Amino acid sequence: MFDQEKSLVELKIKTYLQSEGIDDCNLEFRQIPFSGEWGLAVPLFPLAAAEARLGKKISVPQRAQELAEGIQAYLGDDLGGFSHVEAVKGYLNLFFSTATYAQRVIDTVLEQGADYGRHPGRDKTVMVEYSQPNTHKAFHVGHLRNVILGGSVCRILEGAGYEVIRANYLGDIGLHVIKWMWNYMKNHAGETPDEDRTHWMNAIYAEADQLFQDPENEAEVRALYARWNQRDPEIIALWQKTRQWSLEGFDQIYTQLDESFDRLYFESEVEESGARLVDALIQKGLARDERPEGPVIIDLDEILGTEDEYRVLVVLRSDGSSLYSTKDLPLAIQKFAEYDLDQSIYVIDVRQSLYLKQIFKTLEVMGFEWADKLHHLAYELVNLPGNVTMASREGTVVLFDDLVREATRRAKTIVEEKNPELTEAIKHEIAEAVALGALKYTMLARDNAKVVTFDWDAALDFNGQAAPYIQYAHVRAGSILRKAGQSLPPQAVFPDELHKAEVDLIELMTRLPGDVLRAAEEYRPLIIANLSFEIARVFNDFYNTCQVLNAAPDVRDYRLRLVAAAQQVIATSLKFLGIKAPSIM
RNA sequence: GCCCCUGUAGCUCAAAUGGACAGAGCACUGGACUUCUAAUCCAGGGGUUACAGGUUCGAGUCCUGUCAGGGGCGCCA
């Protein structure tokens, strides 16, 4: 926004530094902290330190301060866009005129509207594979983190200008599916799922899992597995039908979460090509066939001459049946055959780090030149208090729909209190936006590498650093604008004296575009989660201390534009997180 | 045995390329609704950033080691 001023002053500073005998230096521009004004700070420490390294007998902090003062004197009164300059503690601080700066920021935000913070297309395509649920099973809070993280990363990548392909990879075959079908045929024949499909599917699965403990039942399940392997038409038909139910159930959940996918891959699709691929690997001498005594393996350490780094990847069981690896290799290949990808991201929990490292390396030694475009986006698990892992088998799960229902119920109670006049449908819509927002924010406002400990009280706490707080700031802004009347003042002049809350608010708004880029590069929605909260916090402060509607006309005009811009930035940042920004709550 | 991650206020978590005083929320105490929605705001206390060294003008951030917790390591997914 201030590139012109910046490059002008940079040129002047360099001219001065040359006269001091410093050529070819990189100046660093950063923000000035704690100032209450805007500007650029240039630390002179690096230059002073460089001189010291060349053998000059100087104290670095002292020399840095000397340089800063020298530049200040050199610039004199010819500040070109800056209002004043100071040299303090080895920094050169260049201040913008408050009025000019504020107006330029607000004008830019309002002019760009929903596009503010977003970047132009860069002609790069990235595929993000996430969610990856098993059909015929539950969808619990552990699965939720993956979807929410993956979904937000997609939105942020799009904001950074990437073309994004959302991919889902469904586990639609395996023992869990056979168990489910066995129980269905034996105990639930003819039944059809109820409204909440995933919940219903899971009930049958959980029961099957219990019954499976009985050796007699296990034998029946194994027999059914054999029929499946022979492609018994009756079994295949049942599989297709029940799989569809599961997919419909996932769609209900994805719709509720505001997620959707461009491309669905199924494990069943890549199983055969995986088997062929393993044969080819054996032919090439990359894989070693130890059957029937052992499995088919790829000894990566042996191939690469490394030790204990890549270990051994098993690509086929000794009985010839497939593993995850059997399918992940052809899947990766298929992705690049279908799309011209610049990046292929796997959102998968951190426990699979070594496994994915092996998969990526295997593809590399197979000679695929795109192997370096594969990236594992690892995240930690969602555990229950006491570091208990969620596992269906242990019964230690919080199911998605139970959680959403309870959270929505609690949010609804508050909506009833605050806005009793709204229709039932709208109350529910708001409650759900708040409830889901709170859940999503909890998952996103935590570094990917950190375990989320789920407890009901924290998940359902709508106060403090949480999505409802941010949504509420958005509502308040909207409320002011609504009461102000139809149209926003087309422009307004900002005064040179602004309230601290106003200064901070404008400052935070300028951070959005840069933070989006950084969040995209690092796959960290947390950066946006933090920013959105801070903007909301400062907005609430502003709301309390600065009157808008009752202010003098000129003040009212610029503050209305400030409010509109703040609302826009809050809405945009929430959007990156996949969180809805209601207009009433 | 080897590898990866984490360790910051009582609790849950932040802190861009190493930069100016390590910040929020919760909880606690005390204040603020006849005024744009109090799901809000203000004030207060609370820290040897696990520990010990090192690099640097400067380290929560980088390096080495130690301790504590979690995870991974040829036929689980």
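Lettering of chains follows the sequences in order, A, B, ..., and the numbering in each one begins at 1. Keep in mind it's a predicted model, so treat the numbers as computed, not measured.
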Tell me if the side-chain of [X] makes a donor-acceptor pair with the base of [N], cut-off 3.5 Å, by modelled atom types.
{"X": "A:Arg476", "N": "B:U40", "answer": "no"}
{"X": "A:Asn93", "N": "B:A20", "answer": "yes"}
{"X": "A:Arg317", "N": "B:C75", "answer": "no"}

Inset, instruction - Could you check how far CG of A:Asp541 sits from P of B:A43, rounded to whole Å? - result: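 Value for this atom pair: 8 Å.
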Using only side-chain N and O atoms of [X], determine if any of them is under 4.0 Å from OP1 or OP2 of [N].
{"X": "A:Asn463", "N": "B:U40", "value": "yes"}
{"X": "A:Arg351", "N": "B:G71", "value": "no"}
{"X": "A:Lys357", "N": "B:C4", "value": "no"}
{"X": "A:Tyr310", "N": "B:C73", "value": "no"}

Pick base, sugar-phosphate or nothing for [X], based on heavy-atom distances below 4.0 Å to the nucleic acid.
{"X": "A:Ala49", "result": "base"}
{"X": "A:Ser318", "result": "base"}
{"X": "A:Leu354", "result": "sugar-phosphate"}
{"X": "A:Asp447", "result": "sugar-phosphate"}
{"X": "A:Phe533", "result": "sugar-phosphate"}

Inset, instruction - For the pair A:Phe95 and A:His84, name the ring-plane relationship: parallel under 30°, tilted 30 to 60°, perpendicular over 60°. - result: parallel
Legend entry - Torsion-based syn/anti label for B:G74, 90° from 0 as limit: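 Here the answer is syn: the torsion falls within 90° of 0.
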Legend entry - Chi-based syn or anti call at B:C33, which uses purine or pyrimidine torsion atoms and a 90° bound: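 You should classify B:C33 as syn.
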Inset, instruction - Before accepting this row, confirm whether a basic side-chain N of the pair A:Glu290/A:Arg288 lies closer than 4.0 Å to the acidic partner's carboxylate O. - result: yes
Legend entry - Charged N-O contact under 4.0 Å between A:Glu10 and A:Lys6: no
Inset, instruction - Determine if A:Tyr324 stacks with B:A77; use a centre-to-centre distance below 5.5 Å and an interplanar angle below 30° as the criteria. - result: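 It does: the two rings, one from A:Tyr324 and one from B:A77, meet the stacking criterion.
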Inset, instruction - Treating a pair as Watson-Crick (purine N1 to pyrimidine N3 plus N6-O4 or O6-N4) or G-U wobble (N1-O2 and O6-N3) with both distances under 3.5 Å, list the stems of 3 or more consecutive pairs that involve RNA chain B. - result: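 Stems (3+ consecutive pairs) listed as B:1-7 with B:67-73, B:10-13 with B:23-26, B:28-32 with B:40-44, B:50-54 with B:62-66.
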Picking from [options], which would you name as closest to the side chain of [X]?
{"X": "A:Pro295", "options": "B:C36, B:G74, B:U17", "result": "B:G74"}
{"X": "A:Pro61", "options": "B:G74, B:C13, B:C57", "result": "B:C57"}
{"X": "A:Arg524", "options": "B:A77, B:A15, B:A24", "result": "B:A15"}

Inset, instruction - Please indicate whether A:Glu309 has more than 12 foreign heavy atoms, meaning atoms of other residues, nucleotides or ligands, lying under 6.0 Å from its CD. - result: yes
Inset, instruction - Nearest-nucleotide wise, let me know which of A:Arg288 and A:Val42 is further upstream toward the 5' end of RNA chain B. - result: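 In this pair, the answer is A:Val42.
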Inset, instruction - Using the closest heavy atom to pick a nucleotide of RNA chain B for each, name whichever of A:Val314 or A:Glu534 lands nearer the 5' end. - result: A:Glu534
Legend entry - Test: A:Arg243 cationic atom under 6.0 Å from A:Phe266 six-membered ring centre, within 45° of axis: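 Flagged: A:Arg243 positioned over aromatic ring of A:Phe266.
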